[in-house]
2 protein chains.
Amino acid sequence: MLSFAEENYLKAIYHLSEQSGDSVSTNAIAEILNTKAASVTDMIKRLSGKGILSYQKYKGVNVSESGRKAALQVIRKHRLWETFLVEKLKFNWDEVHDVAEQLEHIKSPLLIKRMDEFLGYPKYDPHGDPIPDEHGEFKAKPQVAISECEVNRSGIVVSVKDDSPEFLRYLDKIGAYLGAKVKVLDKVDFDGSMEIQIDNKKIVFISREVSENIWIAD
Amino acid sequence: MLSFAEENYLKAIYHLSEQSGDSVSTNAIAEILNTKAASVTDMIKRLSGKGILSYQKYKGVNVSESGRKAALQVIRKHRLWETFLVEKLKFNWDEVHDVAEQLEHIKSPLLIKRMDEFLGYPKYDPHGDPIPDEHGEFKAKPQVAISECEVNRSGIVVSVKDDSPEFLRYLDKIGAYLGAKVKVLDKVDFDGSMEIQIDNKKIVFISREVSENIWIAD
DNA sequence: AAATATTTTTAGATTAATCTAAAAATGGTA
DNA sequence: TACCATTTTTAGATTAATCTAAAAATATTT
């Protein structure tokens with residue numbers, strides 16, 4: 001049985017190794033978890049000892065098969081809780097993270113089984129991320145750039161392809177956060193610019209360049 | 001902000017001091033929490049330092065006003081979660097305790113506010129115990145143990161003082177659910193056992209130990 | 001390849017929460 | 001009151017999780 005801290009490390013390392021495809025460095029983990037490299041070294045030794053990670057000094061870590069399974073169960077719980085908070089308790093998408101971060105560590109297989117049932121076996125969480133099933137199986141949602149969408153198509157912002165500070169500042173300004181609901185209101189064939197509505201409120205015009213960099217899913 | 005362990009001590013001490021009316025002894029706390037007296041001494045020093053308990057060496061502890069408030073908020077969360085588990089997730093009442101014991105420590109005022117709303121502001125949990133409101137106010141139902149009842153007295157099961165899974169399973173078996181109507185048919189002075197009728201149907205014999213743990217109200 | 005910079009690990013501390021064993025205080029009774 | 005049993009506290013360890021500072025290994029750059 002993993003502790004809260006162990007589960008948090010495992011989850012972070014799993015996400016990092018999915019992103020990079022390669023083994024994960026001590027510093028990368030320390031940065032994500034807001035902790036120090038020395039603490040990470042201690043923890044990855046412990047998790048290696050439990051067979052959850054494989055690790056060689058100075059060479060970074062990889063998630064083992066049993067680690068992958070355990071990580072997916074934590075992710076499953078996290079995303080089910082987020083779904084519950086948004087769908088049943090009317091949380092906004094930006095209010096759920098910290099609470100789900102706590103709830104994901106609750107140990108009760110029955111609770112998760114019943115919650116899944118209660119929510120109608122959702123396949124995706126409010127951010128459009130897939131919810132692994134009890135065996136760890138999941139399928140990512142097909143994503144599409146806003147530039148490729150028809151008028152009236154709506155979806156949730158799930159990815160941003162440009163991460164320059166300028167672009168992120170611009171997204172911040174128009175409110176097109178990850179998880180925001182976006183609807184295409186109009187499309188200008190001439191230059192590919194678009195009129196979109198964000199979170200059922202603000203209406204903004206975005207250039208083709210911007211619309212190619214914001215990706216949405218249902 | 002209190003840790004999980006601190007909240008568990010506080011809750012146990014609050015319950016003990018409600019029962020006895022008096023200050024609570026180190027040994028009593030150790031027994032309830034399945035820990036050692038030395039550990040209790042350490043913890044009550046810590047909680048005294050935080051102003052949650054008042055404590056003099058060798059004299060036992062009392063819960064301060066701020067401690068009482070904090071304890072009632074933990075109890076509020078526990079009972080709201082139990083209500084949620086039974087009403088929404090179809091848990092049996094013998095399955096809720098361990099999970100609620102974990103969930104009660106989740107820190108999120110918004111979560112509790114929304115959960116309360118979602119459940120329709122319940123005043124009593126599935127065991128008949130009152131749920132304190134956000135200010136710690138609550139009102140107990142006047143209750144009496146079946147063991148104290150005269151022959152022919154009848155009432156509704158409103159509370160169960162032992163919440164071990166074994167006991168709750170037994171109650172399930174004889175049909176003595178919360179809300180069940182119970183009537184005392186006969187009393188054996190010799191050993192305190194009783195013959196009772198449940199929901200105007202089944203007639204069962206219960207031991208003194210059982211009759212002391214089932215409480216009814218009119 | 002040597003020097004320098006960066007990353008990672010080790011060594012040694014700290015805090016929370018627990019324990020065992022021993023010492024101290026309290027309370028009841030002969 | 002003095003003794004004895006019980007309760008409570010202290011002293012000293014242990015484990016998990018963290019830190020800082022220094023040492024060791026790896027990577028980069030001249």
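A note on names: the letters A, B, ... follow the listed sequences, proteins ahead of strands, and every chain is numbered from 1.
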Self-check item: Whole-Å gap separating C1' (D:dA16) and CD1 (A:Ile44)
Solution: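 Rounded to the whole Å, the gap is 16 Å.
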
Less than 3.5 Å apart, any donor N or O on the side chain of [X] or [Y] sitting next to an acceptor on the other?
X        : Y        : value
A:Glu101 : A:His97  : yes
B:Asp125 : B:His78  : no
B:Asp191 : B:Ser193 : yes

Self-check item: CD/B:Glu150: more than 12 non-hydrogen atoms of other groups inside 6.0 Å
Solution: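 Counting other residues, nucleotides and ligands, CD of B:Glu150 stays at 12 neighbours or fewer.
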
Quiz item: Of the nucleotides D:dC19, C:dT18, C:dT9, which has the atom closest to the B:Met43 side chain?
Solution: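 Minimum distance to the B:Met43 side chain belongs to C:dT18.
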
Exercise. Residues of residues 55-63 of chain A with any non-hydrogen atom less than 4.0 angstrom from an atom of DNA chain C: list those, numerically ordered, please.
Key: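 Listed by number, they are A:Tyr55, A:Lys57, A:Tyr58.
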
Quiz item: Between residues 4-20 of chain A and DNA chain C, which residues have a heavy-atom gap below 4.0 Å?
Solution: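 Hits under 4.0 Å, by residue number: none.
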
Quiz item: Between A:Phe118 and A:Phe84, how do the two ring planes meet: parallel, tilted or perpendicular, split at 30° and 60°?
Solution: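 It falls in the tilted class, 30° to 60°.
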
Quiz item: Are A:Arg208 and A:Glu212 within salt-bridge range, i.e. N to O under 4.0 Å?
Solution: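 Between A:Glu212 and A:Arg208 there is a salt bridge, with a charged N closer than 4.0 Å to a carboxylate O.
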
Practice problem: Quick one: label B:Ser39 by what it contacts on the DNA or RNA (base, sugar-phosphate, nothing), any heavy atom closer than 4.0 Å. | Solution: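 Base, at least one base heavy atom under 4.0 Å.
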
Quiz item: Reckon A:Thr41 touches a base, only the sugar-phosphate, or nothing at all at heavy-atom distances under 4.0 Å?
Solution: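 It contacts base atoms.
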
